[in-house]
Asks: 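One structure is given below, represented as structure tokens, and several questions about it will come after.
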Amino acid sequence: MDEERSLNFIEQIVENDLQEGKNDGRIQTRFPPEPNGYLHIGHVKAICMDFGIAEKYKGVCNLRFDDTNPVKEDVEYVDSIQRDIQWLGFQWGNVYYASDYFQQLYDLAIAFIKHGMAYVDEQTAEQIAEQKGTPTEPGVASPYRDRPVEENLRLFQAMQNGEIEEGKMVLRAKIDMANPNMHFRDPIMYRIITSHPHHRTGRKWNVYPMYDFAHGQSDYFEGVTHSICTLEFVVHRPLYDYFIDKMIEFGFQRNPKDVNDRTHQFEFNRLNITYTVMSKRKMLQLVQEGLVAGWDDPRMPTVCGLRRRGYTASAIRRFIDAIGYTKVEGMIDVGLLEHTIREELKETAPRMLAIFDPVKLVITNYDKAGETIIAENIDGKPELGNREMPFAKELYIERADFQEEGNKDFFRLSPGGREVRLKNAYIIQATGCEKDAEGKITTVYATYDPDSKSGTEGGNRKTKATINWVECTSCVDVETRLYDRLFACENPSAEEGDFRDLLNPNSLQVVTCKAESALRKEMKPLPIDGGVPELHHYQLLKNGFFVVDQDTTAEHLVLNRTASLKDNWQK
RNA sequence: UGCCUAAUGGUGUAAUGGUAGCACUACAGAUUCUGGUUCUGUCUGUCUGGGUUCGAGUCCUGGUUAGGCAACCA
């Protein structure tokens with residue numbers, strides 16, 4: 001019997017609403033990104049919530065682009081957002097745009113004016129900000145606050161007709177300049193934008209609604225029942241409700257039979273992860289200043305970055321599932337994200353041998369030619385197939401696997417020391433080494449036991465260590481990009497000063513290693529599936545999980561390290 | 001000197017008035033043809049004062065601390 005997983009607080013609200021028969025048992029959510037950047041893992045948390053609730057309670061989740069600010073938005077982002085959501089494995093009901101509602105919102109604004117609840121303000125942005133007061137002091141009224149309705153109507157129409165210069169006038173809701181909630185101090189409903197065409201409506205509109213005058217109404221027009229967002233919008237909720245109340249009052253009611261058929265906003269905690277930044281502004285800066293290679297740089301917390309790093313959609317979703325939803329603003333250890341991808345890849349990623357810091361090993365008593373070893377892709381999982389490994393007298397091994405002077409804590413090769421297994425092959429024993437003029441070891445010598453081959457009866461002998469090797473003539477050079485955390489400190493956003501000074505200088509290390517010949521099959525351009533390069537994962541034994549990078553060509557194989565293996569052998 | 005949120009091991013999250021549990025991390029031991037994995041075990045927690053109750057992490061109340069709110073951004 002499975003332990004019943006407890007509901008998060010949003011699911012509890014939804015189940016209560018369902019029990020009470022709200023909205024006729026209808027569940028509708030939406031994911032409302034602004035198309036002004038690439039999706040990051042913080043968005044994924046929202047996506048899993050919005051789509052997850054709809055899926056779980058047999059409702060629908062629509063994708064709505066909140067495209068009310070043409071200055072910052074672009075179709076490029078519309079496309080990438082859709083691609084990323086689909087890659088994550090979610091399916092929306094419809095694609096909507098806030099710009100679909102520009103006419104309705106304009107009509108609604110006219111209604112506000114006619115009811116004496118909105119006015120055109122001609123002050124500068126600075127003057128308006130100044131009059132807003134502070135959280136502890138009330139604001140003061142604009143001199144234009146009591147303009148006659150007809151004048152407001154005329155001026156607002158002039159704004160839309162393009163007769164007024166950008167920045168010269170705004171439409172404000174007439175609410176309460178002394179309200180303890182700053183958002184109620186006559187919030188701006190509309191501003192003029194003529195400098196940029198809208199990516200969908202072109203030059204049709206010269207006035208554009210602000211978030212607070214667009215978001216709730218858009219939810220309402222669509223029939224959203226649960227409008228779920230992050231905690232920083234808690235203070236907006238009263239205004240969200242206010243505008244919808246007025247809209248119903250003014251006869252813009254969606255379902256005339258039922259005043260309770262309406263949307264409510266709920267808020268959960270935003271995702272913060274150690275050693276990274278999640279702000280679009282900072283991420284944009286990293287990209288534009290070339291501090292990372294692009295939005296899909298494998299160090300970036302973007303969906304495309306994580307994907308290029310080798311994170312699978314299922315691992316990302318399991319991570320989101322593991323961290324949960326609450327109202328506590330916390331900081332998630334990036335180690336948990338790494339744990340989820342290791343958990344998956346350890347079951348699925350074929351193993352390969354590669355040598356990162358090679359030294360030649362000569363097996364002095366080996367004289368066979370053309371020997372090939374058959375190795376399982378994953379030990380103990382024959383169903384995942386096997387591969388061929390050429391074996392010969394001369395191999396490369398890791399420099400760190402040989403010590404001229406061993407000790408009891410060192411399990412690997414040293415002259416006269418322990419017997420050591422060559423992975424999937426023979427047991428050897430070091431006999432000595434050769435050095436160059438600087439004293440650097442150039443060759444290690446060993447003898448092997450011909451009866452100790454893996455898989456044979458004589459091969460059952462235990463050794464304390466097993467080491468990596470590749471055969472010298474067949475191995476292939478592979479560029480590996482070894483990634484580490486982007487920032488050197490846990491919470492870059494909390495530090496004083498410029499966040500760029502906190503970058504980890506060693507977040508990318510490029511090393512060419514010698515990998516076993518089986519990896520040659522990857523030396524071709526990566527197939528593209530649905531606009532997204534396919535992910536081919538490997539574990540380079542003892543080194544970590546790697547994924548084939550899209551820079552790979554027929555001549556040049558590039559592997560990104562997704563995550564290292566845990567290493568308890570440090571001292 | 002405002003309004004709004006919140007506070008459970010190092011981190012994240014459960015417990016919905018009735019045994020403070022799970023995951024990650026850390027540490028120890030066992031296993032292992034990866035010093036990985038796996039298994040076993042250990043450490044560590046209800047912000048604080050008062051109240052209600054047979055019983056409070058949970059309810060009430062005072063405090064403390066942290067975060068959000070003063071864009072013609074979303």
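Reminder, nothing fancy here: chain letters follow the sequence lines and each chain counts from 1. Just so you know, these numbers use all the heavy atoms, side chains as well, and skip hydrogens, waters and symmetry mates.
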Asks: Determine the contact category for A/L541: base if any of its heavy atoms lies under 4.0 Å from a base atom, sugar-phosphate if only primed atoms, P, OP1 or OP2 are that close, otherwise nothing.
Replies: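 Base, at least one base heavy atom under 4.0 Å.
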Asks: Between P on B/U5 and CZ on A/F266, what's the gap in Å once rounded to a whole number?
Replies: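 Rounded to the whole Å, the gap is 14 Å.
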Asks: Atom CD of A/E347 and atom P of B/U37: how far apart are they, to the nearest Å?
Replies: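 Value for this atom pair: 12 Å.
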Asks: Any strand is fair game: report the nucleotide pairing with B/C73 by Watson-Crick or G-U wobble, both distances under 3.5 Å, or none.
Replies: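 By the stated definition (distances under 3.5 Å), nothing pairs with B/C73.
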Asks: If you take the centroid of each ring, where Trp contributes its six-membered ring, are A/Y208 and A/Y190 closer together than 6.0 Å?
Replies: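 When the ring centroids of A/Y190 and A/Y208 are compared, they turn out to be at least 6.0 Å apart.
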Asks: Heavy-atom nearest nucleotide on RNA chain B for A/I128 versus A/F9: which residue maps closer to 5'?
Replies: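 The residue whose closest nucleotide sits nearer the 5' end is A/F9.
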Asks: Using a heavy-atom cut-off of 4.0 Å across all strands, would you classify A/D66 as base, sugar-phosphate, or nothing?
Replies: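 A/D66: backbone/sugar contact only, no base atoms under 4.0 Å.
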Asks: Between A/Y240 and A/F233, does the ring centre distance come in under 6.0 Å?
Replies: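 No, too far apart.
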Asks: Does a side-chain N or O of A/H183 approach OP1 or OP2 of B/C69 to a distance below 4.0 Å, or not?
Replies: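 A/H183 to B/C69 OP1/OP2: no side-chain N or O under 4.0 Å.
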Asks: What interatomic distance, in whole Å, is found between C1' of B/U44 and the corresponding atom of B/G12?
Replies: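 About 15 Å, rounded to a whole number of Å.
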Asks: Classify A/A129 by what it touches in the nucleic acid, base, sugar-phosphate, or nothing, heavy-atom distance under 4.0 Å.
Replies: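 A/A129: backbone/sugar contact only, no base atoms under 4.0 Å.
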Asks: Rounded to the Å, how far apart are A/L336 CG and B/A26 C1'?
Replies: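 That distance rounds to 15 Å.
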Asks: NA contact type, A/R237, heavy-atom cut-off 4.0 Å: base, sugar-phosphate, or nothing?
Replies: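 No contact.
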Asks: Across the strands shown, which category fits A/G455 at heavy-atom distances under 4.0 angstrom: base, sugar-phosphate, nothing?
Replies: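 Base contact.
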Asks: Which part of the nucleic acid, if any, lies within reach of A/D379 when heavy atoms closer than 4.0 Å are counted: base, sugar-phosphate only, or nothing?
Replies: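 The answer is sugar-phosphate, as A/D379 gets under 4.0 Å only of primed atoms, P, OP1 or OP2.
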Asks: Give a yes/no answer on whether the side chain of A/K327 brings an N or O atom under 4.0 Å of OP1 or OP2 in B/G68.
Replies: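 For B/G68, neither OP1 nor OP2 has a side-chain N or O of A/K327 closer than 4.0 Å.
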Asks: Base, sugar-phosphate, or nothing: which does A/F319 touch, judged by heavy atoms less than 4.0 Å apart?
Replies: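 No contact.
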Asks: Separation of A/K132 atom NZ from B/G2 atom P, in whole Å?
Replies: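 To the nearest whole Å, that distance equals 21 Å.
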Asks: Expressed as a whole number of angstroms, how long is the span from A/F213:CZ to B/C72:C1'?
Replies: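 Distance check: A/F213 CZ to B/C72 C1' gives 15 Å.
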Asks: With a 4.0 Å cut-off on N to O distance, would you call A/E376 and A/R351 a salt bridge?
Replies: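 Between A/R351 and A/E376 there is no salt bridge, as every charged N stays at least 4.0 Å from the carboxylate O atoms.
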Asks: Over all strands shown, is A/F233 touching base, sugar-phosphate only, or nothing at heavy-atom distances under 4.0 angstrom?
Replies: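 A/F233: base contact, heavy atoms under 4.0 Å.
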Asks: Rounded off to whole Å, could you give me the NZ-to-C1' distance for the A/K381 and B/U38 pair?
Replies: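 For the pair A/K381 NZ and B/U38 C1', the rounded distance is 13 Å.
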Asks: To the nearest Å, give me how far apart CZ (A/R281) and P (B/A71) are.
Replies: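 Distance, rounded to whole Å: 16 Å.
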Asks: May I ask you to say what A/L565 touches in the nucleic acid, namely base, sugar-phosphate or nothing, with a heavy-atom cut-off under 4.0 Å?
Replies: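 Base, at least one base atom sits under 4.0 Å.
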Asks: For B/G35, take OP1 and OP2 only and decide whether either is under 4.0 Å from a side-chain N or O of A/K566.
Replies: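 Answer is no, no contact under 4.0 Å.
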Asks: Check whether any side-chain N or O of A/N269 sits under 4.0 Å from OP1 or OP2 of B/U13, and answer yes or no.
Replies: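 Indeed, a polar side-chain atom of A/N269 lies that close.
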Asks: Output the rounded distance in Å from CD (A/E343) to P (B/A23).
Replies: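 Nearest whole value for this atom pair: 12 Å.
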Asks: Reckon A/V234 touches a base, only the sugar-phosphate, or nothing at all at heavy-atom distances under 4.0 Å?
Replies: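 Sugar-phosphate, backbone atoms only, no base.
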Asks: Can you confirm whether or not the ring centre of A/Y77 sits under 6.0 Å from the ring centre of A/F65?
Replies: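 Distance test on ring centres: not under 6.0 Å, no.
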Asks: Using a cut-off of strictly less than 4.0 Å, decide whether A/T68 has a side-chain nitrogen or oxygen near OP1 or OP2 of B/A74.
Replies: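 A/T68 to B/A74 OP1/OP2: side-chain N or O found under 4.0 Å.
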Asks: Donor-acceptor pair under 3.5 Å: do we get one between A/E267's side chain and the base of B/U5?
Replies: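 Check fails, no donor-acceptor contact within cut-off.
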Asks: Taking any heavy-atom pair under 4.0 Å as a contact, classify A/T463: base, sugar-phosphate, or nothing.
Replies: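 Result for A/T463 = nothing.
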Asks: Want to settle it: does A/K462 or A/G324 sit nearer the 5' end of RNA chain B, counting the closest nucleotide to each?
Replies: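 This one resolves to A/G324.
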Asks: Expressed as a whole number of Å, how far does the C1' atom of B/A15 sit from that of B/U64?
Replies: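 Roughly 26 Å separates the two C1' atoms.
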Asks: Is the number of heavy atoms from other residues, nucleotides or ligands within 6.0 Å of CD (A/E383) greater than 12?
Replies: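 It does: A/E383 CD has more than 12 such atoms within range.
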Asks: Is any side-chain N or O of A/N568 closer than 4.0 Å to OP1 or OP2 of B/G36?
Replies: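 Yes, because at least one side-chain N or O of A/N568 sits under 4.0 Å from OP1 or OP2 of B/G36.
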Asks: Quick one: label A/G330 by what it contacts on the DNA or RNA (base, sugar-phosphate, nothing), any heavy atom closer than 4.0 Å.
Replies: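 Counting heavy atoms under 4.0 Å across all strands, the contact made by A/G330 is with sugar-phosphate only.
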Asks: Tell me, yes or no, whether the heavy-atom count around A/R387 atom CZ, taken from other residues, nucleotides or ligands under 6.0 Å, exceeds 12.
Replies: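 Atom CZ in A/R387 is packed in, count exceeds 12.
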Asks: Is the distance from OP1 or OP2 of B/G35 to the nearest side-chain N or O of A/K464 less than 4.0 Å?
Replies: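 Checking B/G35 against A/K464, no side-chain N or O comes under 4.0 Å of OP1 or OP2.
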Asks: Are more than 12 heavy atoms, taken from residues, nucleotides or ligands other than A/K464, located less than 6.0 Å from that residue's NZ atom?
Replies: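 Not buried by this count: 12 neighbours or fewer within 6.0 Å.
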Asks: Assess whether atom NZ of A/K381 is packed by more than 12 heavy atoms of other residues, nucleotides or ligands within 6.0 Å.
Replies: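 For A/K381, atom NZ is crowded (more than 12 foreign heavy atoms under 6.0 Å).
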Asks: Provide the distance between the two C1' atoms, one in B/C3 and one in B/A56, to the nearest whole Å.
Replies: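 Pairwise C1' distance, B/C3 against B/A56, rounds to 30 Å.
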Asks: Any N or O donor-acceptor pair linking the side chain of A/R342 to the base of B/U37 at under 3.5 Å?
Replies: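 Answer is no: no donor-acceptor pair is held.
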Asks: Look at the side-chain N and O atoms of A/R191 and state whether any lies under 4.0 Å from the OP1 or OP2 oxygen of B/A74.
Replies: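 Yes.
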